[in-house]
Number of protein chains: 2
Amino acid sequence: MAAQRQYEELARQLSAIGAVKRGLGRVLPPECPAGSAAVLTLLNRHGEMRMSRLAELLAVDMSVTSRHVAHVAERGWIHRDPDPADKRSRILRLTPAGEAKFEELSDLSMQALAHYLHDWSDDEVDQLSTLLARLRDSFGDCRAASARIPQSSQCSQPSQSPLSPHDVQTSETTRTPA
Amino acid sequence: MAAQRQYEELARQLSAIGAVKRGLGRVLPPECPAGSAAVLTLLNRHGEMRMSRLAELLAVDMSVTSRHVAHVAERGWIHRDPDPADKRSRILRLTPAGEAKFEELSDLSMQALAHYLHDWSDDEVDQLSTLLARLRDSFGDCRAASARIPQSSQCSQPSQSPLSPHDVQTSETTRTPA
DNA sequence: TATTGTTATACTCTATAACTATA
DNA sequence: TATAGTTATAGAGTATAACAATA
């Protein structure tokens with residue numbers, strides 16, 4: 001449990017981080033905004049999945065996911081095949097064109113990061129990634145059920161014991177068992 | 001200079017951090033969206049300033065700043081007095097009502113952070129704040145002049161020697177000497 | 001009845017460009 | 001001519017609610 005002074009500083013930094021995200025977004029081609037890039041990236045990384053799973057990975061509402069997915073589907077970058085096991089669902093997967101587009105986006109992003117972070121050490125990049133993953137995880141813990149925050153108290157649920165850098169990564173894949 | 005694999009991971013984490021920001025934004029009262037809260041926070045922290053300075057601290061265009069400022073001014077949370085030294089400029093400063101509103105927002109944000117990050121150590125919070133500050137600084141370096149990113153190369157300008165945690169904070173205050 | 005996904009609507013944030021007033 | 005700030009317009013991202021189809 002940190003001091004208020006530290007939380008204030010963290011809140012300021014989080015508020016300011018939007019500028020970095022916009023900077024990275026500016027290297028993307030106009031036909032592929034950040035939302036579309038996120039869809040392609042997650043499908044490339046995790047393989048085919050349903051809408052609901054993608055919505056969880058994106059951490060946005062399903063309606064938002066639906067719009068992003070429609071955008072990339074219209075451009076032929078993904079297929080939306082009906083799920084034989086559940087006709088309400090659709091299975092999303094990259095097309096060859098989508099894989100090519102992902103590679104193009106990835107190259108652009110990697111060049112930008114290599115440019116801006118040229119004087120960062122490997123450890124620093126890793127540390128930041130790990131802390132961001134854990135940050136998202138800490139917020140995800142208390143989001144789904146009741147987002148109510150009790151007056152100046154702590155989470156009442158049993159604390160998920162301190163995460164090792166390796167554990168953090170699992171949050172993405174364990175939150176949707178089905 | 002880190003490996004592509006690390007940049008990919010960082011890019012994913014940055015893309016996902018929006019969920020955290022939205023989570024924090026949800027604790028704010030409806031009459032004070034995140035943009036307004038940022039204005040109040042920066043004026044509270046840095047004291048009175050001009051629009052152009054605030055736009056830099058917010059890291060958004062002046063037109064965006066103008067809208068956020070108009071919103072908080074309409075609610076009586078700041079004053080916009082003409083600058084006697086330059087009649088084009090306006091000096092922004094918190095009103096007593098604005099200070100009270102800031103305290104209210106601060107309390108809400110602090111409660112939320114204390115809630116979600118209850119199992120974070122002091123060091124971890126500090127590390128994340130420091131790395132985020134440095135991240136913003138690294139992107140700010142190459143933003144103003146020519147945002148062109150040379151094909152797979154590095155910044156050609158003399159590298160600002162590795163920052164200590166303390167140096168990072170100065171970037172906000174040194175970028176606008178006038 | 002509950003769940004998956006889509007669509008309609010509204011709101012926030014942002015950038016570009018045109019404009020006013022002043023330096 | 002250049003700069004500080006405002007406003008109009010457009011676009012991306014998001015959430016809520018109503019809806020259709022299926023479980």
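Chain letters run A, B, ... following the sequence lines, proteins first and then strands; every chain starts at 1.
When each of K87(A) and P33(A) is assigned the nucleotide of DNA chain D bearing its nearest heavy atom, the one mapping closer to the 5' terminus is P33(A).
To the nearest angstrom, C1' of dA12(D) lies 15 Å from CG of L58(A). Note: CZ (R22(B)) to C1' (dC13(C)) measures 13 Å, nearest angstrom. Between L54(B) atom CG and dC13(C) atom C1' there is a gap of 15 Å when expressed in whole angstrom units. If you measure from atom NE2 of H71(A) to atom C1' of dG11(D), you get 11 Å, rounded to the nearest angstrom. One interatomic measurement links the two molecules: CZ of R26(A) to C1' of dG13(D), which rounds to 16 Å at whole-angstrom precision.
Side chains of V69(A) and L54(A) form a contact here, defined as non-hydrogen atoms less than 4.5 Å apart.
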Q.
How would you summarise protein contacts on nucleotides 1-7 of chain D per nucleotide, using B for base, S for sugar-phosphate only and - for none, with heavy-atom distances below 4.0 Å?
A. -BBSBBB
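With sequence neighbours excluded, the residues that form a salt bridge (charged side-chain N to carboxylate O under 4.0 Å, His left out) with E104(A) are K101(A).
With no hydrogens or angles considered, a side-chain donor-acceptor pair links D126(B) and Q6(A) at under 3.5 Å. If you check the side chains of S63(B) and D61(B), you find a donor sitting under 3.5 Å from an acceptor.
Atom OG of residue S15(B) and atom CZ of residue R136(A) lie 8.0 Å apart, to the nearest 0.5 angstrom.
A salt bridge is absent between E8(A) and R45(B): the closest approach of a Lys/Arg side-chain nitrogen to an acidic carboxylate oxygen does not fall below 4.0 angstrom.
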